[in-house]
Amino acid sequence: MRDVLKTEELDIPEGVDVSIKSRVIVVKGPRGTLTKNVRHVNMDILLLKGKTAKVSLAVWQGGRKHVACLRTIRTLINNMVIGVTQVCEFCAIRAMRALTSSPQGFRYKMRAVYAHFPINCIIQNDGTKVEIRNFLGEKTVRHVSMLEGVNITESAAQKDELILEGNDIDHVSQSAASIQGICRVRNKDIRKFLDGIYVSDKGPITVDQ
């Protein structure tokens, strides 16, 4: 069964500028600018300006999977707003949960887990590249480059912890996945050999962090 019209709306907080042209979305804020091309999704995306700016999404004659794209694109725009926000009011999703923190981009925390051979992580190129040594005692040196806009540092409070930060949640999460993926255990029983670098925490950065 197809619905004649399904819509979603997203409130844009003050201090964030959103422009939409031909389903190319540009979000500007205190932390920078993010651009996403969603031309592969067939829907109407309009910017409504009034006392508060809103982004309106509409799907006409959509099936179940097509209508599901509404929330997907809405969440994508919301994550862009969080990513470029310095200190602002709540984003739409967080506001509904009555949180009092101010989002500032995204942060992923990763922990190095090992049973015997310590995993050595060396930050290079001013936080844009990480070198991984001694994984399972191997002589192989593994290199992972961060995607654009992602910075990696070593945690000062926790041993064997890496912190990835950036404005674009896609780039931050993919950089974390690349680190985890390059440290997969091969040709061994993964129930016994649990060594690796895994995501331990993730979410928007808040002022109290």
Side-chain angles (χ1 to χ4, degrees), residues 7-41 43-58 69-110 123 125-130 144-153 155 162-179 199-209:
T7 61
E8 286 279 349
E9 286 189 349
L10 175 66
D11 293 330
I12 305 300
E14 295 181 4
V16 177
D17 181 45
V18 178
S19 60
I20 301 169
K21 184 176 181 181
S22 301
R23 282 178 285 182
V24 176
I25 305 165
V26 180
V27 179
K28 297 180 181 179
R31 286 178 61 92
T33 302
L34 293 177
T35 302
K36 294 288 183 183
N37 187 336
V38 293
R39 288 176 177 166
H40 60 284
V41 182
M43 66 171 58
D44 294 337
I45 307 177
L46 300 174
L47 179 63
L48 307 177
K49 293 185 178 180
K51 291 184 178 179
T52 59
K54 291 184 179 181
V55 174
S56 175
L57 311 171
C69 293
L70 280 171
R71 289 299 294 267
T72 300
I73 302 302
R74 181 184 182 277
T75 302
L76 185 148
I77 299 173
N78 184 69
N79 284 337
M80 294 171 69
V81 171
I82 296 175
V84 301
T85 302
Q86 185 79 26
V87 177
C88 68
E89 297 180 3
F90 324 122
C91 60
I93 292 178
R94 300 282 175 176
M96 290 188 293
R97 298 175 183 173
L99 295 180
T100 57
S101 58
S102 299
Q104 296 183 330
F106 292 93
R107 172 183 291 162
Y108 272 55
K109 294 182 180 180
M110 306 188 74
I123 308 299
N125 296 351
D126 297 327
T128 59
K129 190 175 182 180
V130 61
V144 180
S145 296
M146 301 296 101
L147 295 178
E148 182 183 358
V150 180
N151 187 64
I152 183 171
T153 58
S155 174
L162 300 175
I163 299 176
L164 288 76
E165 295 181 347
N167 295 348
D168 193 335
I169 190 173
D170 292 339
H171 287 184
V172 177
S173 58
Q174 182 57 59
S175 297
S178 298
I179 294 174
V199 174
S200 60
D201 186 34
K202 60 184 178 181
I205 308 170
T206 54
V207 174
D208 56 353
Q209 288 180 306

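Values below: all heavy atoms of this structure, side chains included; hydrogens, waters and symmetry mates excluded. This one's a predicted model, so the numbers in the text were calculated from it and none came from an experiment.
- Within the model, atoms NZ of Lys28 and OG1 of Thr35 stand 8.5 Å from one another, a figure rounded to the nearest 0.5 Å.
- Screening Asn37, Val55, Val38, Leu34 for a side-chain contact (heavy atoms from CB on, under 4.5 Å) involving Ile25 leaves a single residue, Val38.
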Assess the residue pair Val27 and Lys36 against the criterion (side-chain contact (heavy atoms from CB on, under 4.5 Å)); give the C-alpha distance rounded to whole Å, side-chain angles, the decisive distance to 0.1 Å, and a yes or no. CA-CA 9 Å; Val27 179; Lys36 294 288 183 183; over 6 Å; no
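- Panel note: side chain Arg39, backbone Ser22; a donor-acceptor pair is recorded below 3.5 Å.
- Among residues two or more places apart in sequence or in another chain, the side-chain contact (heavy atoms from CB on, under 4.5 Å) test is passed with Ser145 by Lys129.
- For Asn79, the side-chain contact (heavy atoms from CB on, under 4.5 Å) partners two or more places apart in sequence, or in a different chain, are Thr75, Ile82, Phe106, Ile169.
- Within the 4.5 Å cutoff, the side chain of Leu164 has no heavy atoms near those of the Lys202 side chain.
- Taking every heavy atom of both residues into account, Val26 and Thr33 meet most closely at CG1-CG2, 3.7 Å.
- Contact between Thr85 and Val16 at its shortest, heavy atoms only, is OG1-CG2, 3.9 Å.
- Scored by the side-chain contact (heavy atoms from CB on, under 4.5 Å) test, Asp126 finds no partners at all (sequence neighbours excluded).
- Two residues are said to be in side-chain contact when any heavy atoms from C-beta on lie closer than 4.5 Å; Glu165 and Ile163 meet this criterion.
- At distances below 3.5 Å, not a single donor-acceptor pair connects side-chain atoms of Ser56 with backbone N or O atoms of Leu46.
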